[in-house]
Amino acid sequence: MAVYDFTHALLRAPSQSVTQGLRDGDHDGPAYDDVLREHTAYAAALRSLGLAVEILEPLEDYPDSIFVEDPALVFGEGAILLNSGAPSRAGEVAEIAPTLERLFPQVLSLIEGHVDGGDVLVTPGEVLIGLSARTDQTGAEALIVALAQLGRKGRVVATPAGVLHFKTGCGLIEEETVAVVAELDDDALFGGMRRVIVPAEEAAGANLLRVRDTVLVGEEFPRIRDLVEAHGVTTMALPVSAIGKIDAGLSCMSLRWLAT
C-alpha cells in the first residue's frame, strides 16, 4: 500500500473565530463564510475519493483548530499527540485526544519539546520532521522516539528561513516524487526522491495533497496542476484562497490514515 492510500479522514469544522487565525504579516484574515465554503468543498472532495470522513465540532476558543493536522500525527497502527510551538494552539491537543483514543488502538504523546504536524512529511521510507518556528529540535527528537514505538523511522531536517512549515513548501506527487519550492530543492532534505520545483509565482500552492490516485491542488495554481499531471497523476482543483489568508494549505485541514 502507498503512503497516501487512505481510508479515513478526521476534520474539524471552522469556528466563527477562524477569522482571527494566526498569520504571517498584518494582512486581513478571511471571512468565516469563505472558510466554511472551502472546508465544505474539501470534505466533499475527500468523500468523493472514497474516504470515510468524520467532522468534529468547532472550537471557538481556538481559531486555528480547523487545521487539525497540527496537533497530532496518525497512522493506521496508532496516533501521536504533538505539541504546537504556537502558544495559542497548545490547548488543541487535549481537545482532540479523546477522539483519537476512540479511533486508534494506541495513542502516544511527545515527552518534551514542540512539534506542529505541518512540519511532518510521511514518505515511504521515513518520516521527515522539519525544524521551524513551531517545531524545535527537542520535540523532533521526541517524535522520533514515539515513531519508533509505531515501527517507523524519523529524520530531522532543516526548514529554510521564510518557509513557515516544512509542508508549506512541499507535497508528495507520488511515492518517489515530491513537489518543492526552490528553497527546498536539496538532496540533504529528500535524499533519493525526485524533486519537481513549483513555479515561483505559484509557490503558495506547494502544499498539495495526494489522496489515493489523485492530487488535490489549489485552484489558483494551474501550472502546478500541469506539473503533476505531466507525471501521469490526476489532479483535483479546490478553492484555498480563504485559508491561504491564515497561512494554511490543503494538508492542514485533515488527519488521514489507512485503517488496519
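Keep in mind it's a predicted model, so treat the numbers as computed, not measured.
- The existence of a salt bridge linking Arg155 and Glu126 is confirmed by a sub-4.0 Å separation between a basic side-chain nitrogen and an acidic carboxylate oxygen.
- Side-chain polar atoms of Ser84 and Arg134 form no donor-acceptor pair below 3.5 angstrom.
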Set out, in order, the CA-CA distance, both residues' side-chain angles and the distance that settles side-chain contact (heavy atoms from CB on, under 4.5 Å) for Leu172 and Leu209, then state yes or no.
CA-CA 7 Å; Leu172 291 183; Leu209 176 62; over 6 Å; no
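- Summarising the geometry, atom CG belonging to Asn83 is positioned 11.5 Å from atom CG belonging to Leu143; distances are rounded to the nearest 0.5 Å.
- Formation of a donor-acceptor pair under 3.5 Å by the Thr7 side chain with backbone atoms of Leu51 is not found in this model.
- At a threshold of 4.5 Å between non-hydrogen side-chain atoms, the residues Val18 and Ile246 count as touching.
- Using a 3.5 Å distance cut-off with no hydrogens or angles, the side chains of Asp116 and Thr135 do not pair a donor with an acceptor.
- Between Arg212 and Asp5 there is no salt bridge, since no side-chain nitrogen of the basic residue lies less than 4.0 Å from a carboxylate oxygen of the acidic one.
- Between the OH atom in Tyr42 and the CD1 atom in Ile66 there is a gap of 9.5 Å [rounded to 0.5 Å].
- In this structure the side chain of Val3 never reaches within 4.5 angstrom of the side chain of Thr123, judged on heavy atoms.
- Using modelled atom types, one side-chain atom of Lys167 and one backbone atom of Val120 make a donor-acceptor pair closer than 3.5 Å.
- Under the 3.5 Å distance criterion, the side-chain polar atoms of Ser65 are matched with a main-chain donor or acceptor of Tyr62.
- With contacts defined as side-chain heavy-atom distances shorter than 4.5 Å, the pair Lys153/Leu147 does not qualify.
- Not one N or O on the side chain of Gln106 forms a donor-acceptor pair closer than 3.5 Å with the backbone of Gly78.
- In this structure, Ile96 and Leu56 have side chains that are in contact, with non-hydrogen atoms separated by less than 4.5 Å.
- Formation of a donor-acceptor pair under 3.5 Å by the Glu60 side chain with backbone atoms of Ser17 is found in this model.
- A donor and an acceptor atom, one from each side chain of Thr168 and Asn207, are nowhere located under 3.5 Å apart.
- Between Thr214 and Val233 there is no side-chain heavy-atom pair separated by less than 4.5 Å.
- Annotation: side chain of Val127 is not in contact with side chain of Leu121 (no heavy-atom distance under 4.5 Å).
- By the neighbour-count criterion of 12 heavy atoms within 6.0 Å, atom CG of Asp186 is densely surrounded, having more than that number from other residues, nucleotides or ligands.
- With sequence neighbours excluded, the residues satisfying side chain to side chain donor-acceptor pair (under 3.5 Å) with Arg194 are Glu174, Thr177.
- In plain terms, the two heavy atoms of Leu110 and Ala142 that are nearest each other are CD2-C, 3.9 Å.
- At a threshold of 4.5 Å between non-hydrogen side-chain atoms, the residues Leu22 and Asp247 do not count as touching.
- Considering only heavy atoms from C-beta on, Val74 stays 4.5 Å or farther from Phe6 through its side chain.
- Arg89 pairs by the salt bridge (charged side-chain N to carboxylate O under 4.0 Å, His left out) definition with Asp70, Glu92, not counting sequence neighbours.
- Following chains of ILVMFWY side-chain contacts shorter than 4.5 Å, one cannot reach Leu36 starting from Leu59, and the two form parts of different hydrophobic clusters.
- Residues Glu229 and Thr235 have side chains that bring a donor and an acceptor to within less than 3.5 angstrom of each other.
- The six-membered or imidazole ring of Phe190 lies near that of Phe166, with a centre-to-centre distance under 6.0 Å.
- His114 contributes no side-chain N or O that, together with a main-chain N or O of Gly139, makes up a donor-acceptor pair within less than 3.5 Å.
- Pairs engaging residues 93-110 under the salt bridge (charged side-chain N to carboxylate O under 4.0 Å, His left out) rule: Glu54-Arg102 [sequence neighbours left out].
- Summarising the geometry of Val180 relative to Arg195, their closest heavy-atom pair is CG2-CB, 4.2 Å, with the distance given to 0.1 Å.
- Thr159 contributes a side-chain N or O that, together with a main-chain N or O of Leu131, makes up a donor-acceptor pair within less than 3.5 Å.
- Scanning all heavy atoms of the two residues, the minimum distance from Ile224 to Pro199 falls at CG1-CD, 4.2 Å.
- Within the 3.5 Å criterion, the main-chain N or O of Ala242 finds a donor-acceptor partner in the side chain of Glu38.
- Minimum heavy-atom separation, Ile55 to Arg12: CG2-C, 4.2 Å.
- Between Arg37 and Asp34 there is a salt bridge, with a side-chain nitrogen of the basic residue lying less than 4.0 Å from a carboxylate oxygen of the acidic one.
- Checked for salt-bridge contact, Arg256 and Glu69 meet the test: a charged N lies under 4.0 Å from a carboxylate O.
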